[in-house]
S.K.: 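Here it is, the structure, as structure tokens.
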Amino acid sequence: MELHDNAPWSDPTSEEAPLTSSGAGTPQRARQILAQNWCGTYTKPARDLYPHQWNWDSGFIALAHAHSDPDRAWGELNSLFRAQWTTGLLPHIVFNPSETEYFPDPEFWDVQRSAHAPRDILSSGITQPPLHGVIALELYKRLGERAVGPLKDLFPKLVAQHRHLYHHRDPEREGLACIIHPWESGTDNSPAWDEPLGRIDPALLESVAYQRKDLDVVAGEHRPTKSDYDHYVYLVEVCKGANYDEATVMAESPFVIQDPLFNSLLCRANEDLIEVAEILHQDASELREWHAQTKHAIDTKLWSEERGLYTYYDLRAGKALGVDSISGFLPLVAGVPDATRAARLLTRLESPGFAGRRTDCFTVPSYDMESPAFDPGRYWRGPVWINIDWLLYHGLRRYGFDERARAVREDALALVDRFGFHEYYSPYRDPAQGPIGGAGSPDFSWTAALYLDLLAQEGGRSETADTDRDPSG
Ligand code: 2M8
């Protein structure tokens with residue numbers, strides 16, 4: 001395994017220069033970060049690296065605002081849904097016209113090629129994991145009757161978001177939405193994409209000129225490679241070439257995948273929206289059909305008996321992808337597996353590849369540590385992500401795997417306590433194993449938001465050296 005000796009990790013005990021001086025995590029610091037990254041209508045995921053509004057980030061971030069400022073929680077979601085396309089597509093980025101330091105920018109996306117894109121708001125032309133229905137119900141649980149008014153406004157937009165996925169992203173009407181770009185998965189640089197992206201003729205990649213901006217603010221060792229970006233940019237060109245007509249893209253693109261994380265969040269969001277519909281006295285029949293179909297389809301088509309976890313289906317190649325990634329455990333969140341399969345998932349999660357019983361690692365690495373593709377520091381190829389830990393915590397609790405859930409929560413909190421609010425973290429505890437610490441952007445919004453939310457679970461944290469810790473956020 002390659003060691004990133006020159007990478008500017010943020011371990012305060014390291015001899016390397018720290019990436020950031022953000023210091024140890026505290027609730028007060030989390031709230032400061034969320035306040036600093038708020039820009040009037042939405043919260044930037046990270047001030048320099050991600051200055052626009054991102055789709056699933058806003059869902060996670062809204063949870064933290066619910067603790068302290070409910071109007072801001074609804075504002076965050078409303079700002080995102082203002083950019084919803086007439087098809088119901090919820091774009092993965094809503095651009096802030098005054099921010100120019102991100103690539104690809106609105107000009108590159110050129111979504112006005114589609115008659116369905118909003119005319120007055122700048123957005124990308126693809127989506128991200130549909131967790132907003134889950135967040136809507138969570139906001140109701142936290143705010144009670146105060147949530148009913150805003151929920152009434154949001155509910156039809158959430159249903160339209162799902163309808164888009166069932167009508168425009170499910171070519172065989174199987175109940176499984178497909179993604180057409182790695183950026184839609186949320187786990188953008190996962191080794192799961194190596195095989196499908198590897199089938200693209202390299203000659204096609206050379207035709208697109210572009211200039212990355214992420215490497216101006218974050219170490220290249222922790223970001224996707226040039227080759228990865230060539231593929232990402234090429235797939236945007238495929239969408240543009242089809243004028244964002246999704247049927248054409250699904251018929252022609254080399255990248256059409258049914259992803260277990262994306263579909264598990266869709267499934268869970270259906271389940272939660274059924275509850276929201278009942279609260280609002282709305283018709284839930286369409287949601288019930290979607291929910292039953294997707295739950296069954298994940299459990300039949302995406303389960304890998306051989307691997308003991310859920311996997312991806314590559315519609316272009318007509319086969320499952322033989323990879324073990326963290327996304328394969330997310331069906332726990334949606335209550336998809338029965339007790340037998342859930343127990344197998346737990347066994348896999350506790351195997352050395354996912355570090356479940358290893359005391360020398362923080363859980364949960366985003367990719368199988370025993371795979372040659374594992375990288376402890378590169379964006380979605382191995383590091384621990386706090387949003388994934390948050391989702392897994394809830395998935396494990398759902399099945400009564402409380403001991404494991406508590407361990408995942410404690411590790412997530414410990415990473416932040418020790419290294420600050422990073423975008424992601426090496427799973428290693430000991431520098432002898434490889435780099436330790438946080439990477440990517442410092443002062444990362446969903447890390448701050450979910451740290452506050454995890455602190456508030458389990459009746460707050462029992463032992464703590466930090467007197468500032470106040471789970472109410
Ligand atoms: C990362 O993705 C963006 C592209 O969407 C990027 O690398 O430029 C991913 O981690 C994604 O899941 C996340 O939503 C986004 C903003 O935090 O950053």
Side-chain angles (χ1 to χ4, degrees), residues 33-34 37 39 42-62 64 76 80 83 90-96 99 101-106 108-109 111 123-132 135 179-190 192-193 210-226 228-233 235-236 239 259 261-262 265 325-327 330 366-367 377-391 421-425 438-450:
I33 289 168
L34 291 170
N37 291 348
C39 64
Y42 72 94
T43 309
K44 297 176 187 181
R47 195 190 60 194
D48 297 325
L49 186 60
Y50 307 121
H52 303 289
Q53 180 169 28
W54 259 261
N55 173 314
W56 77 325
D57 297 61
S58 284
F60 294 122
I61 292 162
E76 186 87 44
L80 178 66
L90 191 63
H92 100 294
I93 301 176
V94 183
F95 289 105
N96 177 343
E99 297 286 350
E101 295 308 307
Y102 181 79
F103 172 83
D105 57 19
F108 191 85
W109 282 101
V111 296
S123 80
S124 69
I126 58 172
T127 189
Q128 262 192 331
L131 86 163
H132 310 84
I135 302 301
I179 58 169
I180 55 175
H181 197 292
W183 286 335
E184 292 201 313
S185 69
T187 61
D188 305 7
N189 199 207
S190 170
W193 315 135
Y210 67 96
Q211 182 77 45
R212 284 173 75 166
K213 295 192 174 170
D214 56 325
L215 301 182
D216 297 346
V217 284
V218 174
E221 294 91 328
H222 303 155
R223 289 290 297 172
T225 62
K226 176 181 182 313
D228 294 325
Y229 254 80
D230 287 349
H231 288 85
Y232 300 157
V233 168
L235 289 174
V236 175
C239 295
D259 173 303
L261 180 156
F262 193 100
L265 292 187
S325 100
I326 197 67
S327 300
L330 271 290
S366 46
Y367 201 73
R378 202 182 288 274
Y379 177 81
W380 292 112
R381 298 183 76 86
V384 179
W385 291 74
I386 301 303
N387 67 331
I388 297 293
D389 276 3
W390 184 87
L391 288 164
F421 293 92
H422 290 276
E423 189 179 358
Y424 41 94
Y425 303 84
S441 177
D443 295 349
F444 193 65
S445 294
W446 85 36
T447 303
L450 298 177

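Atom set for the values below is all heavy atoms of this structure, side chains included, hydrogens, waters and symmetry mates excluded. Remember, it's 1-based here, ligands and their atoms both numbered in the order they're listed. Computed from a prediction, not measured in an experiment: that's the story for all the values here.
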S.K.: Show the numbers, then the answer: is there a side chain to side chain donor-acceptor pair (under 3.5 Å) between Y232 and D188?
M.R.: CA-CA 9 Å; Y232 300 157; D188 305 7; 6.0 Å; no
S.K.: Between Y102 and W54 (judged by ring centroids, cut-off 6.0 Å), do the two rings come close enough to count as a pair?
M.R.: yes
S.K.: Please check if any side-chain donor atom of Y210 sits under 3.5 Å from a side-chain acceptor atom of D230, or the reverse.
M.R.: yes
S.K.: If only side-chain N and O atoms count, and only distance matters, is there a donor-acceptor pair under 3.5 Å linking S185 with D259?
M.R.: no
S.K.: Any donor-acceptor pair under 3.5 Å linking the side-chain atoms of E423 with those of S441?
M.R.: no
S.K.: Could you pull out the closest heavy-atom pair between Y367 and A192, with the gap in Å?
M.R.: CE1-N, 4.4 Å
S.K.: Can you produce the list of protein nitrogen or oxygen atoms under 3.5 Å from a nitrogen or oxygen of ligand 1, alongside each distance?
M.R.:
unit_1   : atom_1 : unit_2 : atom_2 : d
ligand 1 : 2 (O)  : D188   : OD2    : 2.8
ligand 1 : 2 (O)  : Y379   : OH     : 3.1
ligand 1 : 5 (O)  : W54    : NE1    : 2.9
ligand 1 : 5 (O)  : H92    : NE2    : 3.1
ligand 1 : 7 (O)  : R223   : NH1    : 3.4
ligand 1 : 7 (O)  : R223   : NH2    : 3.0
ligand 1 : 7 (O)  : Y379   : OH     : 2.4
ligand 1 : 8 (O)  : Y102   : OH     : 2.5
ligand 1 : 10 (O) : W380   : NE1    : 2.9
ligand 1 : 12 (O) : W56    : NE1    : 3.0
ligand 1 : 12 (O) : G186   : O      : 2.7
ligand 1 : 14 (O) : W56    : NE1    : 3.1
ligand 1 : 14 (O) : D57    : OD1    : 2.6
ligand 1 : 14 (O) : Q128   : NE2    : 3.0
ligand 1 : 17 (O) : D57    : OD2    : 2.7
ligand 1 : 18 (O) : Y50    : OH     : 3.4

